[in-house]
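Okay, structure first, notes after.
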Amino acid sequence: MTRVVYVNGRYLPYGDANVHVEDRGFQFADAIYEVMEVAGCRLVDATRHLDRLQRSLTELAMPAPMSRAAMLHIIAEVVRRNRVSDGQVYMQISRGGSPRDFTFSGKQLVPTFVCLARPISRSIRDARADKGIGVITMPDIRWGRCDIKTVMLLPAVLAKEQALAEGADEAWLVDGNGFITEGASSNAWIVNGAGHLQTRSLTSALLPGVTRLTAIDVAATIGLKVELEPFTVPEAYAACEAFATSASGTVMPIVKIDGNIVGSGIPGPQAQALREAFHRVAEHMPIH
Ligand code: PDD
């Protein structure tokens, strides 16, 4: 449960936390966000998440609402006030609010900054990973700058809703050439016939996942090979293993794709090894 939310300079009770009706995040999805894991009262991969947040701002010519140190102070305060030891932090920055107008230059916009945190039980997440999840595939109908973490998430909302309707947990999005770009809210991986981890290399078609990057580091520490190559839906069906990476699930084994059993139908050894080693390798920033 979230008790306290930071909104534009104030820590407010959850029920009283509001932004203006003409906020550009609300009207135009002119906003960016980050989701960060909290594990054992520490921020997981905070440096990489804040680097990506800065990149999203820069790509959209959006000013930062405050310094990185000030942001980290607020994140820590929100985590503390919500008594989160394991869970996640959500932060969103919009370009601000003003009478509705598509353009933004020349306006005195003050960015909106919202930060909230909620506890999530580790055992519930681990139980999901122990079983493995199912995914469905569908066309990727998103825009051309999926490398920017914007709140323009309607295609992901619809994809996840369809996955839920079909009894799956995540949707893998397929580009016009038949290659999987990524999941609706995670990066997509397989273990291929050569026994190598395979995930698509970074382009504007997919989010540069922080967990993906750390998983590449983790793989190196435990002697697993990574190939940065896209893969097709038939290649995913035929894979030895499949898994997803995201801040909310870390390394999540996938046991079913479009109803087809992956490998032996249980979480694979490489995905499990990556998951097990993940928190040993990821940055854990103490909350002061
Ligand atoms: N989702 N791809 C997409 C489209 C995402 O939305 C996410 C993250 C990822 C994984 O990125 P990272 O490893 O940095 O979390 C990949 C977050 C968790 C969310 O929207 O809740």
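One-based numbering, in listed order, for ligands and for the atoms of each.
- In the vicinity of A184, heavy-atom distances shorter than 4.0 Å reach the ligand 1 atoms 4 (C), 6 (O).
- Closest to atom 13 (O) of ligand 1 by heavy atom, among D147, L153, T211, is T211.
- Look at R52 and you'll find a heavy atom under 4.0 Å from some atom of ligand 1.
- Where the criterion is an N or O separation shorter than 3.5 Å, residue side chain and backbone included, R142 fails it with respect to ligand 1.
- Nearest approach of H49 to V35, heavy atoms of both residues: CE1-O, 3.0 Å.
- Less than 6.0 angstrom separates the ring centroid of F113 from the ring centroid of Y6.
- Each of M62, K149, R145 was checked for a side-chain contact (heavy atoms from CB on, under 4.5 Å) with S56, and the lone residue meeting it is K149.
- For ligand 1, the atoms sitting less than 4.0 Å from at least one non-hydrogen atom of T245 are 10 (C), numbered in the order shown with element in parentheses.
- Within ligand 1, the atoms closer than 4.0 Å to a non-hydrogen atom of K149 are 1 (N), 6 (O), 7 (C), 8 (C), 17 (C), 20 (O), numbered from 1 in the order shown.
- For ligand 1 and S248, the ligand atoms under 4.0 Å from any heavy atom of the residue are 18 (C).
- Every N/O-N/O distance between L207 and ligand 1 stays at or above 3.5 Å.
- In the vicinity of Y33, heavy-atom distances shorter than 4.0 Å reach the ligand 1 atoms 6 (O), 19 (C), 20 (O).
- In this structure, the side chain of R142 does not engage the main chain of A156 through any donor-acceptor pair within 3.5 Å.
- Any N or O atom pair closer than 3.5 Å counts here, and E182 shares at least one such pair with ligand 1.
- Remark: minimum distance from atom 21 (O) of ligand 1 to any protein heavy atom is reached at V35 CG2, 3.6 Å.
- Distances below 4.0 Å separate heavy atoms of G209 from the following atoms of ligand 1: 11 (O), 12 (P), 13 (O), 14 (O).
- Residues R275 and D126 are paired through a salt bridge, judged by an N-O separation under 4.0 Å between the basic side chain and the carboxylate.
- Near G183, with a cut-off below 4.0 Å to any heavy atom, the atoms of ligand 1 are 4 (C).
- For the pair R52 and D45, the salt-bridge criterion is not met [side-chain N within less than 4.0 Å of a carboxylate O].
- Salt bridge status for R100 with E22: absent, with no side-chain N to carboxylate O gap under 4.0 Å.
- Each of the atoms 12 (P), 13 (O), 15 (O) of ligand 1 lies under 4.0 Å from some heavy atom of A247.
- Counting heavy atoms closer than 4.0 Å to ligand 1, residue V210 contributes atoms from both its backbone and its side chain.
- Residues N192 and E235 have side chains that never bring a donor and an acceptor to within less than 3.5 angstrom of each other.
- With a heavy-atom cut-off of 4.0 Å, C146 does not touch ligand 1 at all.
- With hydrogens left out, the protein atom closest to atom 6 (O) of ligand 1 is S185 CA, 3.4 Å, a heavy atom.
- Ring-plane geometry between H279 and H284 is classed as perpendicular, the angle between the planes exceeding 60 degrees on a 0 to 90 degree scale with a lower cut at 30.
- With respect to the salt-bridge test (charged N to carboxylate O, under 4.0 angstrom), the residues R68 and D51 qualify.
- At a threshold of 4.0 Å, the pair D175-R200 counts as salt-bridged, since one of the basic side-chain nitrogens sits closer than that to a carboxylate oxygen.
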